[in-house]
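For the single chain, residues carry numbers from 1 onward in sequence order. Each ligand, and each atom within it, is numbered from 1 in the order the structure gives. Just so it is clear, the values below take in all heavy atoms, side chains as well, and ignore hydrogens, waters and symmetry mates.
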Amino acid sequence: MAELTPTPERPGLHISKPSPSAPATASAVCHCGASATAKGDAQVKALVDGYTANHGPAHHRTGR
Ligand SMILES: [Zn+2]
């Protein structure tokens, strides 16, 4: 699934949860240069919330 990992050239948010019992992992790269990774359901949720609130589509809403 490496092709789904976001990069500075293809920014975005990718979440992986191999199985219901396995911890989720996520990686995010924003076109502004920010990047983050998270492992574990709680950390992944925090990453997704922070990314969507401050990066990615949020840049378009706020003009940042
Ligand atoms: Zn950003």
For Pro23, does its backbone N or O pair with a side-chain atom of Asp41 as donor and acceptor, under 3.5 Å?
->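 Flag not set: sc Asp41 to bb Pro23 has no pair under 3.5 Å.
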Going by chain and residue number, what protein N/O/S atoms come nearer than 2.8 Å to the Zn ion (ligand 1)?
->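 Correct list: Cys30 SG, Cys32 SG, His55 ND1, His59 NE2.
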Lys39, NZ: over 12 other non-hydrogen atoms inside 6.0 angstrom =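 At most 12 heavy atoms, drawn from other residues, nucleotides or ligands, come within 6.0 Å of this atom.
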Salt bridge between Asp49 and Lys45, side-chain N to carboxylate O under 4.0 Å?
->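 Salt bridge: yes.
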Smallest separation among heavy atoms of Ala34 and His55, with atom names |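 Smallest interatomic distance, heavy atoms only, reads CB-CE1, 3.6 Å.
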Closest approach of Gly56 to Cys30 (non-hydrogen atoms, all atoms of both residues) |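 Taking every non-hydrogen atom into account, N-SG, 3.4 Å.
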Each residue besides Tyr51 in its hydrophobic cluster should be listed here, by chain and number; the cluster joins Ile, Leu, Val, Met, Phe, Trp and Tyr at side-chain heavy-atom distances under 4.5 Å.
->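 Other cluster members: Leu13, Ile15, Val44, Leu47, Val48.
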